[in-house]
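Sequence positions, counted from 1, serve as the residue numbers for this chain.
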Amino acid sequence: MKNIPLILSASLFLSLATVSFCRAADTPPNVVLIFADDLGYGDLGCYGATKVQTPNIDRLAAEGRRFTDAHSVSAVCTPSRYALLTGQYPLRGNGGRGIWGPAPVTSPLLVDTEKTTIADVFINSGYSTAAFGKWHLGFGQDENDWQEPLRPGPQDLGFDYYFGMPVVNSAPPYVFVENDRIVGSDPADPLVFLGRNPKGATPITPIPPEAAQRSRNQFGGAKEAHKLFNDYRVGTTLAEKSVEWINERKDKPFFLYLATTNIHHPFTPAKRFQGTSQCGLYGDFIHELDWIVGEVMACLEENGLSDNTLVIFTSDNGGMFNHGGQAAFKAGHRQNGDLLGFKFGVWEGGHRVPMIVRWPGKVKAGTTSNQLIGNVDMLATFAAVTGQKLDKAEQADSVNMLAAFVDEPEQPLRDHLVLAPHKGTHLSVRQGKWMYIPGQGSGGFGGRKPGDHTFAGPPAVSFVGSVNSDIEDGKIKKDAPPAQLYDLEADVNQTRNVYKERPEVVKELDALLSSYAPPKQASGPAKRNTRAPGNPAKKTPATPSPRTASFDFESGVLEPWKVVDGEFGHAIGSRDRFFNNQGVYNKQGDFYLTTLEPSAEATKGMDKQTGVIVSPLFIPQGGTMTFRIGGGRGPSTYAALCTADGKEVAVARGINHQAMQQAVWDTTPYAGQKMFIKVVDHSTDGWGHVTVDDFQFDAKVLTEYSGSVSDF
């Protein structure tokens, strides 16, 4: 694996001299790092927004430096936070397998407690350290069962104190955690994880549909703890706690890491902010974020700490075009400005983020910097601020960017930056003006139409009016290049893919990117036969069906199928590889039906999901029905062809492997009868799931469903 060299220019040495007091003075600088959630490049007034007003954040920019080429090195929340805290690309995490998606509810702590973190840097210099807000990096050593104490956790990574949202505001448990305890916990009424299909889950704050998606509670018990958590008071609570902590520690140097839940869905601003913007709840949530920043800044001023405090404001990734984002767009707001793409994807809109630095007397007020910088660079930069030297292993992928804060270096401080979307297939690299993406599309969300929570990719690009030479009418052109190269100096909005025009640049950047490729998981002599077992179907693109009926799920939504028993978090998947062994999914087209995936953002499957999914009734004309099926081979995981009264007349199963098998049913005996397909998952462990795709047959599909479904 290649380490990025630390580039030391003459201006950097001068910068270090200007802050030599960090080692010698009696009052080292305080540092406040405010890390917003899902805040896009176009979500602030100082970055061009007109439908929201952000006077406090705009003031930071007026009194400090605004960066125009700052990036989260991942377009996804959890890996972005991993990079921020560790100074290490998330592709190196998880034992070299990488951290690509949001940590699930039961995730253990994803950061090695032996790894030097940004909090450790400050602890080593005698600072008080605290983390407030969204954590989303897991707790414990193994699967987190949420039993106290929640260790290892933030306190094992250099933070003296932690208070906040343990996962994310759209996922359970809907409680606060303080240090390693659940706020309001009661041994007589403990928090109990119930799984994906909970019965008796503790009630949570009711929110309206327009507040956007939020997962149902998966926990029982801890009723008092749940009562102390109100979605509409989270922002207020985090601001109050942060101010209280500063007031108590104002007489010694401190590091405050405030990771807001604003503006991640659901959009639940306090009542006083509702209706104050010109773009709905999305904008109102930004207004609350601006107020939070204002509260922290006012606290610094009231305590006479402003001049000796370095404040950094940025975001974990770009804006997401979910329900709230779509409503804001209709009102005239562009969350990522004119940048291409959205959260989870590797186009600029997914990871180019606002970044503002204020340090009176050190950072020149009202200035702008176009230095390439990543959130992974905070570790080395904070070490420089505190006068420390990190060894190569500690520094990892972090580059000291202090000169970009306090000086105006003429040359780039960073040679290149590796950028990750949700899909590892699209791990990309930026060097100088060039951005290289080794595949088509963004590698992000796959929602295909307005109204989809995960609306993104080419369809969303066309919907918002963005232009890209590879995209036409919401689809990748058939003759589009196999990968992408953009000249961001001339074309920051990525309107034109110049892959074919600059093969020498592509070759160079592809080689550079290859040096960061995750290590091969297999070891020892290669197997002669790598063919998938059984009788696997070929992986094929989506093509028009020659049959009169087809269920290929290429709409990206479950309808017209429906869940008639149990619950599945994300029944229509679009992954290219299986969670556990990263084996290729031999799907047809982009989408398939699955009972394994808890969410579009999940990093591991969940066999504990159980239930039944059925197709609408249809009347076959006779002949064969072909399809593919993967997953478990046991008696509790299967697909069945059923008569209208629910009788199973044909059954198919997987072979305990992700490779979907070719399957055929003969519908001739049932020609003219009403039939339906049933997918059953009543297994909760080891290959306890089903994946099906590409049902092709001749039939008349009806709009009604079998009356027998009420019996499931």
Side-chain angles (χ1 to χ4, degrees), residues 94 97 100-107 143 171 193-198 215-216 218 422-424 445-447 453-454 532-534 536-537 539 551-553 556-558 561-615 627-640 652-661 663 677-695:
N94 195 21
R97 293 183 294 275
W100 301 97
V105 170
T106 56
S107 172
E143 185 172 283
F193 181 58
L194 303 175
R196 291 291 304 183
N197 301 298
S215 299
R216 63 186 298 187
Q218 298 173 25
H422 186 227
K423 295 180 181 178
F445 281 125
H453 175 63
T454 57
K539 183 177 180 179
F551 294 128
D552 62 4
F553 311 105
V557 296
L558 183 61
W561 292 55
K562 66 179 183 179
V563 178
V564 295
D565 180 52
E567 182 181 1
F568 300 99
H570 191 241
I572 301 299
S574 61
R575 300 175 190 275
D576 292 317
R577 294 179 178 271
F578 184 59
F579 287 100
N580 287 359
N581 59 20
Q582 290 298 297
V584 174
Y585 265 142
N586 55 326
K587 57 187 179 180
Q588 183 260 2
D590 293 327
F591 297 90
Y592 49 85
L593 186 151
T594 176
T595 66
L596 178 66
E597 300 177 16
S599 72
E601 305 169 353
T603 57
K604 61 173 64 176
M606 184 174 288
D607 281 325
K608 292 181 180 180
Q609 297 182 124
T610 59
V612 178
I613 306 174
V614 300
S615 74
F627 61 102
R628 58 187 72 194
I629 181 167
R633 61 157 50 109
S636 300
T637 50
Y638 63 93
R653 293 183 170 86
I655 60 167
N656 285 9
H657 197 274
Q658 86 276 350
M660 287 183 270
Q661 304 296 299
I677 303 166
K678 176 174 68 173
V679 174
V680 177
D681 179 353
H682 286 147
S683 179
T684 59
D685 55 14
W687 293 100
H689 64 272
V690 186
T691 303
V692 294
D693 194 13
D694 199 27
F695 291 88

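Contact annotation: the side chain of Leu558 never approaches that of Phe568 to less than 4.5 Å [non-hydrogen atoms, C-beta and beyond]. With contacts defined as side-chain heavy-atom distances shorter than 4.5 Å, the pair His422/Arg575 qualifies. No side-chain heavy atom of Thr684 sits under 4.5 Å from any side-chain heavy atom of Asp607. Here the side chains of Asn94 and Trp100 are not in contact, with every heavy-atom distance at 4.5 Å or above. Counting heavy atoms from C-beta on, the side chains of His570 and Pro598 never come closer than 4.5 Å. Side-chain atoms of Val612 and His682, non-hydrogen and from C-beta on, do get closer than 4.5 Å to each other. At a threshold of 4.5 Å between non-hydrogen side-chain atoms, the residues Trp561 and Val679 count as touching. Residues His689 and Thr637 fail the side-chain proximity criterion, which asks for heavy atoms closer than 4.5 Å.
Lys587 NZ to Asp552 CG: the interatomic distance, rounded to the nearest 0.5 Å, is 12.5 Å. Expressed to the nearest 0.5 Å, how far CG of Leu593 lies from OG1 of Thr691 amounts to 8.0 Å. Of the inter-residue distances, the one linking Ser574 atom OG with Glu597 atom CD reads 7.0 Å to the nearest 0.5 angstrom.
Annotation for Ala652 and Ile629: closest pair O-CD1, 3.3 Å, computed over non-hydrogen atoms. Among all heavy-atom pairs drawn from Pro104 and Thr603, the shortest one is CD-OG1, 3.2 Å. Of all heavy-atom pairs spanning Phe445 and Thr454, the tightest one is CB-O, 3.3 Å. Here the closest non-hydrogen pair linking Thr610 and Ser683 is CG2-O, 3.7 Å. When all heavy atoms are compared, the tightest approach of Arg628 to Gln588 is NH1-N, 3.6 Å. Minimum heavy-atom separation, Phe553 to Phe591: O-CB, 3.1 Å.
Judged by distance alone, with hydrogens and angles left aside, the side-chain atoms of Gln609 form a donor-acceptor pair with the main-chain N or O of Leu596 at under 3.5 Å. Counting only distance, with no hydrogens or angles, the side chain of Arg653 and the backbone of Gly634 share a donor-acceptor pair below 3.5 Å. Thr595 places a side-chain N or O within 3.5 Å of a backbone atom of Val690 that can act as its donor or acceptor partner. Asn656 contributes a side-chain N or O that, together with a main-chain N or O of Arg633, makes up a donor-acceptor pair within less than 3.5 Å. Asn586 places no side-chain N or O within 3.5 Å of a backbone atom of Ala659 that could act as its donor or acceptor partner. Proximity of a side-chain donor or acceptor of Ser615 to a complementary backbone N or O of Ile677 within less than 3.5 Å is detected. Of the possible donor and acceptor atoms, none in the side chain of Tyr585 sits under 3.5 Å from a partner among the backbone N and O of Met660. In this structure, Lys604 contributes its side chain and Phe579 its backbone to no donor-acceptor pair below 3.5 Å.
Atom NZ of Lys608 sits in a sparse spot, with 12 or fewer heavy atoms from other residues, nucleotides or ligands closer than 6.0 Å.
Below 30°, between 30° and 60°, or above 60°: for Phe578 and Trp687 the angle between ring planes is below 30°, a parallel geometry.
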